[in-house]
Amino acid sequence: MDLSLRGLVPKPVRRLIGRLPAPAKTVIHAPRLYVRRLWQWAFVAIETKPVGKGSAGRWLASIAASPLTSAGGLNGWKRPMLSWNATLRAKGIGVFFVRADSDDLYHILPSRERHVLEIIRRSLSKGDVFVDAGANNGVFTVLAAHLVGESGRVVAIEMIPSTASCLRRNVALNDLDNVEVVERALADTAGRIVSAIVPTRLFGSASIAHRDGAGERIDVTTTTLDEATAGIETINLLKIDLEGAERLAMAGAAATIDKCRGIIFEAKEDDISDILIQRGFTIDVLDRNNRIAVRDRRDLSA
């Protein structure tokens, strides 16, 4: 399901609105944006459940307040955010600690990247290896770790210290012993100190590619995919989402790419399709943003 409701507005109508003056567009968009925000909260209520009494009260209070919290600043996209820290179970995935006033809640919603979750479920089996490059709070890490089991392995790479701590906490909440968390920024060389920008409250949008952007500046240490996956013979599936730094990471991933049977990536500002095609992959579309690169379609289990 599209959390944005974009598909419910016909293309001709969207084109017409796009030609209107800015003040007129603001007036037209405001009611639609409000409905979109409430729509997201409906998914929060359906797809997540609190773990423990303390979290239940915070979860319910945040949902109850959503008609008010969704009404502020109706001039752009706004993710649903809890007003207090809470521990929630995401339907069909696992248990997560969700930070207050952050995009953590949005990122654990199963419908947010439904096609990516589906391809991970189809592609991974017991004993497989999954690499989560840009793991954030671990929604894909946790799902994959359950799928590959104790005989499998997950390498989760996250550069922001507070988010890496949250990731480790979520791994522990799900009693997973098969996950290695690498607290590094992926780049073309290892061992450098670079600046990452974290937009206010949007930990999932942290990037070393947008160094002139607004937000908190945090120094992080780089590694390469080749260094992070050294010693692994085969990677059944790699998911890479580095907010514009994907091509930089590919420059340090020559050996890693050779090990991969499948690679999930975003086809947006830093599309790596051409790199993967040159390395023998075929690209399939998952959804508007995401692609899957495979060497052999038989690697995508039915």
Side-chain angles (χ1 to χ4, degrees), residues 1-4 36-52 54-63 65-66 69-70 77-121 124 130 132-147 154 156-160 162-176 179 181 198-199 201-206 239-243 264 266 286-287 289-290:
M1 182 67 71
D2 185 356
L3 298 188
S4 70
R36 284 174 62 186
R37 292 176 182 182
L38 292 181
W39 184 252
Q40 292 178 97
W41 278 103
F43 279 93
V44 171
I46 294 168
E47 296 183 340
T48 69
K49 290 293 179 283
V51 177
S55 291
R58 297 164 189 168
W59 178 79
L60 284 170
S62 295
I63 293 173
S66 63
T69 58
S70 298
W77 177 256
K78 183 179 180 181
R79 295 167 174 83
M81 296 182 182
L82 294 182
S83 299
W84 303 271
N85 294 341
T87 302
L88 305 180
R89 182 178 299 278
K91 186 177 180 180
I93 301 175
V95 178
F96 298 89
F97 173 73
V98 176
R99 292 169 286 188
D101 297 317
S102 80
D103 59 352
D104 283 358
L105 176 62
Y106 175 70
H107 283 285
I108 70 166
L109 293 177
S111 54
R112 184 184 68 88
E113 297 220 73
R114 176 171 57 87
H115 296 95
V116 175
L117 293 169
E118 286 177 357
I119 204 70
I120 290 173
R121 289 189 176 100
L124 294 178
F130 176 74
D132 194 353
N136 193 24
N137 61 348
V139 64
F140 300 119
T141 291
V142 169
L143 174 63
H146 285 305
L147 292 171
V154 174
I157 307 165
E158 172 54 47
M159 67 179 173
I160 302 301
S162 60
T163 303
S165 177
C166 187
L167 171 61
R168 291 187 183 95
R169 182 170 183 170
N170 291 334
V171 168
L173 282 171
N174 289 275
D175 296 321
L176 299 170
V179 178
V181 175
V198 184
R201 305 194 296 176
L202 303 180
F203 295 99
S205 297
K239 186 234 77 185
I240 182 166
D241 182 0
L242 302 176
E243 299 298 317
I264 299 169
E266 284 194 339
L286 292 180
D287 55 35
N289 296 326
N290 296 290

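Quick note: numbers below take in every heavy atom, side chains included, and nothing from hydrogens, waters or symmetry partners.
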query: Pick one: which of L105, V139, L88, L173 meets side chain to side chain contact (heavy atoms under 4.5 Å, CB included) with F96?
result: V139
Nearest non-hydrogen partners of S205 and P199, listed with the distance: O-CD, 3.7 Å
message: Minimum heavy-atom separation for G92 and L143, please, with both atom names.
response: O-CD1, 4.0 Å
field: Straight-line distance of R58 CZ to S83 OG, nearest 0.5 Å
entry: 11.5 Å
field: Chi angles and distances behind the side chain to side chain contact (heavy atoms under 4.5 Å, CB included) call for R99, F203
entry: CA-CA 10 Å; R99 292 169 286 188; F203 295 99; 3.6 Å; yes
field: Nearest-0.5 Å distance, CG of residue L60 to OG of residue S55
entry: 10.5 Å
field: Shortest non-hydrogen contact between L167 and A135, atoms and distance
entry: CD2-CB, 3.9 Å
Nearest heavy atoms of S66 and L38, plus distance in Å: O-CD2, 3.9 Å
query: Do P110 and F43 come within less than 4.5 Å of each other through their side chains, counting heavy atoms only?
result: no
Rounded distance [0.5 Å steps], CD1 in I108 versus NZ in K91: 14.0 Å
- prompt: Is there side-chain contact between F140 and I93, with at least one heavy-atom pair below 4.5 Å?
  reply: no
task: Find the distance between CD (E47) and CZ (R112) and round it off to the nearest 0.5 Å.
output: 11.0 Å
query: Are any non-hydrogen side-chain atoms of H115 and N290 less than 4.5 angstrom apart?
result: no
task: Dump the intermediate steps for side chain to side chain contact (heavy atoms under 4.5 Å, CB included) on L176 and H146, then the final yes or no.
output: CA-CA 8 Å; L176 299 170; H146 285 305; 3.8 Å; yes
Partner of D104 under side chain to side chain contact (heavy atoms under 4.5 Å, CB included), chosen from T163, N85, N137, L82: N137
task: Measure the CE-CD distance between M81 and Q40 for me, rounded to the nearest 0.5 Å.
output: 10.0 Å
- line: Which of I120, D132, D241 passes side chain to side chain contact (heavy atoms under 4.5 Å, CB included) with I264? Answer is I120
statement: What one should report as the nearest heavy-atom pair of G204 and D103 is N-OD2, 2.9 Å
query: Out of curiosity, R79 CZ to R201 CZ, how far, rounded to the nearest 0.5 Å?
result: 11.0 Å
